[in-house]
Amino acid sequence: MKTPSYLQIDADVTLLSAFKTPARARYFFDMRDHDDYEKLREIALWARENTLPMVMLGAGTNCLFAFDVFEGVIIRNRNTGWEEPFEQGGRVLLAVHSGSLSNTVAEKLYTHYRIPTLVPWIGLPGTFGGATIGNAGCFGVEMSDIFVSTEVLDLETGEVHVWEPRDMHYAYRESALKGNARYFVLSTIIDISPRGGEYETYTLENFRSIRRVKQPTGISCGSFFTNTFPTEEQKTSLSEFLTPMGTLSSGRLIDHAGLKWTRVGWVKVSEQHGNFFINDQKWTWQDVLELRDRVKKEIFEKYRVELHEEVRIITN
Ligand SMILES: Cc1cc2nc3c(=O)[nH]c(=O)nc-3n(C[C@H](O)[C@H](O)[C@H](O)COP(=O)(O)OP(=O)(O)OC[C@H]3O[C@@H](n4cnc5c(N)ncnc54)[C@H](O)[C@@H]3O)c2cc1C
């Protein structure tokens with residue numbers, strides 16, 4: 001099979017990850033709408049024939065490119081759009097294409113339909129595909145709370161399947177689809193029936209300002225590490241770091257360890273939020289990984305807590 005003509009060769013993909021480390025891809029495909037799914041099938045077939053790895057990207061807000069040139073195919077998903085909300089079995093549902101931005105969906109739901117269920121997601125970066133994969137969420141609403149089903153394209157067989165909650169095995173920032181390069185998320189149906197949480201009375205501006213106050217500005221991928229589930233002993237010995245969810249806050253551990261401001265090259269731990277790594281313009285992926293290693297080592301030595309990356313580190 002010939003190299004598909006619509007693949008860009010040796011593309012600059014620096015701006016496609018929120019970290020913006022300099023990076024190129026041997027092959028790149030910018031997927032814009034439904035009609036491109038057939039091309040995606042062909043690319044997957046061709047990549048398999050040529051034993052080339054494939055990486056799917058949404059907005060890249062949770063990915064670090066840890067390579068100079070990716071020796072495979074990067075697919076960026078910009079297939080946006082959604083259907084009108086509809087009622088089914090007493091619930092109000094919404095079907096969203098995977099390239100739609102979570103923030104845009106949340107804002108439009110509120111401003112067009114006065115539906116406040118997703119208001120907590122105002123300001124949440126990334127696409128619905130990324131949120132479906134990583135069980136993204138904030139302020140009391142995670143994808144797993146509202147998830148009804150998702151349509152996935154099986155890149156090995158070319159078939160489309162519907163995955164329901166029991167297939168997803170959702171856990172904190174985890175799902176059965178995370179790290180599974182075989183499936184591409186096409187669209188997701190969520191339940192937007194009113195949930196009655198305290199945040200539903202907030203305004204758009206409330207949420208924008210919460211993010212402004214709590215989260216550092218600058219180039220970053222949000223929280224670098226997930227929070228950690230403590231052992232029974234740590235629940236007592238590290239109780240000051242427990243979040244309302246019962247996990248150990250990575251940000252607070254990093255802060256308490258005195259690691260804010262720690263710098264490697266052009267990358268530093270944010271002085272505002274210990275779990276954010278901030279780019280001072282010219283960082284390299286090697287700087288990010290060195291800072292990661294340093295923070296992990298110090299936190300383990302001080303608290304015996306092993307930090308795990310929330311950010312997906314993409315390598316060759
Ligand atoms: C400033 C900042 C603040 C953040 N705050 C939060 C927060 O409050 N809560 C939270 O949960 N997250 C937060 N994040 C992380 C990020 O916004 C979410 O994880 C988001 O859902 C990722 O979406 P994305 O489209 O950018 O995914 P990407 O980074 O593009 O991809 C993430 C993963 O999903 C896979 N993927 C993406 N789309 C598809 C698809 N269609 N099919 C198959 N696989 C796919 C990728 O291969 C990758 O493994 C923050 C990030 C930033 C930069």
Side-chain angles (χ1 to χ4, degrees), residues 11-25 28 55-72 74 76 103 123-127 130 133-134 136 138 173 178-179 210-228 241 243 247-303 305-316:
D12 185 346
V13 292
T14 302
L15 299 180
L16 301 192
S17 97
F19 272 124
K20 298 190 178 20
T21 48
R24 304 190 78 81
F28 172 66
V55 165
M56 317 296 158
L57 272 191
T61 63
N62 213 24
C63 291
L64 168 71
F65 291 159
F67 51 78
D68 297 322
V69 180
F70 183 68
E71 297 295 346
I74 291 185
R76 194 249 302 258
N103 170 61
L124 177 67
T127 62
I133 297 274
C138 48
R173 300 290 177 265
K178 194 166 176 179
I210 289 177
R211 284 213 173 245
R212 271 200 300 272
V213 172
K214 284 197 169 178
Q215 294 193 347
T217 50
I219 297 176
S220 87
C221 261
S223 295
F224 197 89
F225 301 106
T226 54
N227 292 334
T228 308
F241 304 109
T243 65
T247 52
L248 293 167
S249 160
S250 297
R252 267 186 268 151
L253 285 168
I254 294 168
D255 186 7
H256 191 260
L259 293 170
K260 280 182 171 178
W261 298 95
T262 307
R263 174 181 283 279
V264 173
W266 291 89
V267 52
K268 66 175 181 196
V269 177
S270 160
E271 57 276 21
Q272 196 181 338
H273 190 310
N275 203 10
F276 273 54
F277 289 4
I278 301 287
N279 171 18
D280 266 355
Q281 292 177 3
K282 288 186 187 164
W283 64 1
T284 64
W285 59 266
Q286 290 92 338
D287 290 342
V288 184
L289 295 190
E290 197 182 323
L291 184 64
R292 171 202 66 176
D293 292 343
R294 201 181 282 183
V295 169
K296 281 177 104 164
K297 183 167 174 284
E298 294 228 13
I299 295 299
F300 189 73
E301 283 174 3
K302 277 205 166 81
Y303 309 104
V305 172
E306 203 177 323
L307 296 179
H308 296 281
E309 292 82 353
E310 180 172 329
V311 169
R312 176 176 175 197
I313 297 175
I314 299 173
T315 54
N316 263 315

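Below, each value reflects all heavy atoms present in this structure, side chains not excepted, and no hydrogens, waters or symmetry copies.
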So, for [X] and [Y], which heavy atoms are closest and what is the spacing to 0.1 Å?
{"X": "G60", "Y": "C221", "answer": "O-SG, 4.2 Å"}
{"X": "P125", "Y": "T61", "answer": "CB-CG2, 3.8 Å"}
{"X": "F276", "Y": "S220", "answer": "CD2-OG, 3.5 Å"}

Atom [atom1] in [X], atom [atom2] in [Y]: separation rounded to 0.5 Å?
{"X": "K296", "Y": "E301", "atom1": "NZ", "atom2": "CD", "answer": "13.5 Å"}
{"X": "E298", "Y": "Y303", "atom1": "CD", "atom2": "OH", "answer": "9.5 Å"}
{"X": "T315", "Y": "F70", "atom1": "OG1", "atom2": "CZ", "answer": "8.0 Å"}
{"X": "I278", "Y": "W266", "atom1": "CD1", "atom2": "CH2", "answer": "15.0 Å"}
{"X": "I133", "Y": "K178", "atom1": "CD1", "atom2": "NZ", "answer": "9.5 Å"}
{"X": "K20", "Y": "I219", "atom1": "NZ", "atom2": "CD1", "answer": "5.5 Å"}

Any sub-3.5 Å donor-acceptor pair from [X]'s side-chain atoms to [Y]'s backbone N or O?
{"X": "T14", "Y": "A23", "result": "yes"}
{"X": "N227", "Y": "S250", "result": "yes"}
{"X": "W285", "Y": "F65", "result": "no"}
{"X": "N275", "Y": "F225", "result": "yes"}

Is the closest side-chain heavy-atom distance between [X] and [Y] below 4.5 Å?
{"X": "L16", "Y": "F28", "value": "yes"}
{"X": "I74", "Y": "L57", "value": "yes"}
{"X": "N62", "Y": "R173", "value": "no"}
{"X": "N279", "Y": "F19", "value": "no"}
{"X": "R292", "Y": "L64", "value": "no"}

Aromatic ring pairing F277/F224, orientation class (parallel under 30°, perpendicular over 60°, tilted between) =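 Aromatic pair F277/F224 classed parallel.
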
task = Can you spot which of L307, T228, L248 makes a side-chain contact (heavy atoms from CB on, under 4.5 Å) with I299?
result =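 Result for side-chain contact (heavy atoms from CB on, under 4.5 Å) with I299: L307.
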
